[in-house]
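Have a look at the structure below, then the notes.
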Amino acid sequence: MQAIRHEKKKDDSVFSMLDSERSRCERVVERLKSELEKLPKGSLGQRKVKSGGKEYLYLCIRFRKGDKVVFEHLSPKQADELGPMFERKKKLKKDLSINQVRLHTLKKLLEKR
Amino acid sequence: MHIRFDHSPFVASVTELLEELSALGFFHHGLLIGSWPMTVYAEHFTLPYGLATNDIDFAVAGVVKMPEAPRETIPELMQRLGYTPLPDYTGIETFIQGEFEVEFLTHRRGGGGPPAVTVKPWQVSAQPLPFIDLLFIRPAKVSIAEFTITIPSPEALMIHKLIIAQRRTGSDKENKKSKDLYQCEVLNQVAREEEVQRILAEYPMSKDVRKAIETSCKEAELTVPGGLPWLASKG
């Protein structure tokens, strides 16, 4: 009887820990989303423009506006300023995706309780 | 207590982080805390505990005097290892790398104070919390192949968790309390009576703190080695 009670207690503790981890993961996801909202929209890219038989490469920000993809040209100075922000955005998006997968897995595990 | 491992009991990315912090000299003034020391004790003492959450907490001594400034601050080190700093609205900064979230905590005296302080010379933002100083009482050294880290002794960790289990707040408090008490049960299997009694005798505890320990012991159905001295003196 004692052994069964101990096993039950242990199972409860494992589920509590998973549930606690789910809460933490949810908080991380929310914080990552909120941080991403503070960063510039779109992504940093290059655009080729042909003019006078030559091809020019321009740095630009690409973003979607309705059905269209909009390109906004950047000066080299703007690109230097925005570059680290887009690097951070890329990293945060990757972290967000990893944590969303983990959150989904934790929720599935907890459904089995 | 000095524990030695030929191979790391941690996953590769955590091992890398610990090795880098060790090389920086962090563990002369800091500890690995939270659930991760349980991984060490479970491995070393063959305890029935195989879970670790993905938040990695470190305790850092509030006032650190070092002979010379470290070659790198902690935020610099974290960013070099691919961790992204992520502040929250209160100013507490954590570092995210994939599934892992790293946070620094420091001891808070009294009841109030700012939600985050910057600890020199590491230049790291740490959240001040009560009872962190308890974890620094005669900590255990853990040598993993070529490097050494420091973690709270099993006794200090257990007493700390017995206290904080009753002080958890927020929507997740019941889960955290359950986790704390389960860890206490596991640690109680290896806690040394002499060290438990020594900590209980030397660490200043209010009536409320003693009551919290008593409640946790009752809820976890455990008796700490040697018992609670204030109960014995009551007769």
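Every chain is numbered from 1, with letters handed out A, B, ... down the list of sequences.
Comparing B:S171, B:S35, B:P87 by heavy-atom pairs within less than 4.5 Å of chain A, the highest count is held by B:P87. With chain B as partner, the option from A:E21, A:R24, A:M17 having the largest number of non-hydrogen pairs under 4.5 angstrom is A:R24.
For B:K176 and B:D180, the salt-bridge test fails: no basic side-chain N is under 4.0 Å from an acidic carboxylate O. No salt bridge links A:R31 with A:E35; every basic N to acidic carboxylate O contact stays at or beyond 4.0 Å.
At a 4.5 Å heavy-atom cutoff, A:R22 makes no contact with chain B through either its backbone or its side chain. Only the side chain of A:L92 has a heavy atom closer than 4.5 Å to any heavy atom of chain B. Both the backbone and the side chain of A:D19 come within contact range of chain B, with heavy atoms under 4.5 Å apart. For B:T94, the parts lying near chain A are the backbone and the side chain together; criterion is any non-hydrogen pair under 4.5 Å.
A donor-acceptor contact closer than 3.5 angstrom is absent between the side chains of B:T215 and B:Q166.
Cation-pi geometry between A:R47 and A:F71 is met: under 6.0 angstrom from the ring centre, within 45 degrees of the axis.
Remark: aromatic rings of B:F58 and B:F26 are close, center separation under 6.0 Å.
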